[in-house]
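Read the structure below first, then the notes.
Every value quoted in this text rests on a predicted model; they were computed, and no experiment measured them. FYI, side chains are in, hydrogens and waters are out, and symmetry mates aren't considered; it's all heavy atoms of this structure.
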Amino acid sequence: MKASVAIQTLPAAHSDEELIRIVDEVIDYIKSTGLTYYVGPCETAIEGDDYDQLMDVVRQCQHVAIRAGASSVSAYIKVTYRPEGEVLTIDKKVSKHHR
């Protein structure tokens, strides 16, 4: 993997249930991309070899939240990019903690 991102999507919602529903739609979109991902309690990590594709996914997450009913959306994003090498994969980072 050449790049990874972690995104925390924070939609404006009227209730916790609405917030969860909107975030679930964002996660469903991430799943539909075919990229490797890991859903955590505060953010979702996504990895791939194409940096531009990952940035498009990050951008689309905001649109998905708005289409799902959020009046506004904020996001915290972390990016690791190594065009001439490999980044640590999700599996290498967390699999030992989930056995």
Side-chain angles (χ1 to χ4, degrees):
M1 293 296 129
K2 303 264 184 226
S4 65
V5 298
I7 182 169
Q8 180 183 29
T9 301
L10 302 166
H14 300 292
S15 66
D16 288 345
E17 292 78 19
E18 183 72 358
L19 182 132
I20 290 168
R21 183 191 65 74
I22 294 168
V23 170
D24 284 348
E25 289 198 35
V26 172
I27 292 168
D28 286 344
Y29 162 70
I30 292 168
K31 289 178 180 179
S32 77
T33 67
L35 294 167
T36 300
Y37 65 92
Y38 178 83
V39 177
C42 295
E43 65 187 15
T44 299
I46 313 162
E47 61 189 16
D49 286 321
D50 185 337
Y51 175 83
D52 290 333
Q53 180 186 20
L54 288 174
M55 293 300 100
D56 286 343
V57 170
V58 167
R59 182 176 52 80
Q60 282 299 323
C61 286
Q62 313 320 296
H63 295 298
V64 169
I66 295 297
R67 284 193 303 266
S71 58
S72 66
V73 61
S74 298
Y76 292 99
I77 301 161
K78 300 176 212 169
V79 178
T80 303
Y81 179 47
R82 219 169 173 189
E84 300 302 325
E86 297 288 316
V87 299
L88 286 173
T89 64
I90 293 167
D91 189 49
K92 286 180 184 175
K93 291 177 187 175
V94 301
S95 64
K96 64 185 170 206
H97 300 292
H98 297 282
R99 293 187 184 184

If you take all heavy atoms of [X] and [Y], which pair is closest and at what distance?
{"X": "Ala68", "Y": "Glu25", "result": "CB-OE1, 3.5 Å"}
{"X": "Ile22", "Y": "Ala70", "result": "CD1-N, 3.8 Å"}
{"X": "Ile90", "Y": "Ala45", "result": "CD1-O, 3.7 Å"}
{"X": "Leu19", "Y": "Pro11", "result": "CD1-O, 3.7 Å"}
{"X": "Thr9", "Y": "Ala65", "result": "CG2-CB, 4.3 Å"}
{"X": "Val94", "Y": "His98", "result": "O-CD2, 3.0 Å"}

Q.
For Lys93, I'd like to know if atom NZ has over 12 heavy atoms of other residues, nucleotides or ligands within 6.0 Å.
A.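 Enclosed: over 12 neighbouring heavy atoms sit under 6.0 Å from NZ of Lys93.
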Q: Check the surroundings of atom NE2 in His14: do more than 12 heavy atoms from other residues, nucleotides or ligands lie under 6.0 Å from it?
A: no
Find out if a path of hydrophobic residues (ILVMFWY) with successive side-chain heavy-atom gaps under 4.5 Å connects [X] to [Y].
{"X": "Ile30", "Y": "Val39", "result": "yes"}
{"X": "Tyr76", "Y": "Val26", "result": "no"}
{"X": "Val58", "Y": "Ile46", "result": "yes"}
{"X": "Ile27", "Y": "Leu35", "result": "yes"}

**Q.** Criterion side chain to side chain contact (heavy atoms under 4.5 Å, CB included) on Ile66 and Val73, from CA distance to verdict
**A.** CA-CA 7 Å; Ile66 295 297; Val73 61; 4.1 Å; yes
Q.
Please evaluate residues Tyr29 and Val57 with respect to the criterion side chain to side chain contact (heavy atoms under 4.5 Å, CB included), reporting the C-alpha separation (whole Å), side-chain torsions for both, the decisive distance (0.1 Å), and the verdict.
A. CA-CA 9 Å; Tyr29 162 70; Val57 170; 3.9 Å; yes
Q: Check whether any side-chain heavy atom of Tyr51 sits under 4.5 Å from a side-chain heavy atom of Lys2, and report yes or no.
A: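 With C-beta onward as the side chain, the pair stays apart.
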Q. Are Met55 and Val79 side-chain neighbours, meaning at least one heavy-atom pair lies under 4.5 Å?
A. yes
Q: Considering only NZ, NE, NH1 and NH2 on the basic side and carboxylate oxygens on the acidic side, decide whether Glu86 and Arg82 come within less than 4.0 Å.
A: no
Q) Do the side chain of Gln8 and the main chain of Cys42 share a donor and acceptor less than 3.5 angstrom apart? A) yes
What distance separates [X] [atom1] from [Y] [atom2], expressed to the nearest 0.5 Å?
{"X": "Met1", "Y": "Leu88", "atom1": "CE", "atom2": "CG", "result": "12.5 Å"}
{"X": "Asp91", "Y": "Lys96", "atom1": "CG", "atom2": "NZ", "result": "10.5 Å"}
{"X": "Asp56", "Y": "Thr33", "atom1": "CG", "atom2": "OG1", "result": "11.0 Å"}

Q) For Gln62 and Ile7, what are the C-alpha separation, side-chain angles and deciding distance, and is it a side chain to side chain contact (heavy atoms under 4.5 Å, CB included)? A) CA-CA 10 Å; Gln62 313 320 296; Ile7 182 169; 3.5 Å; yes
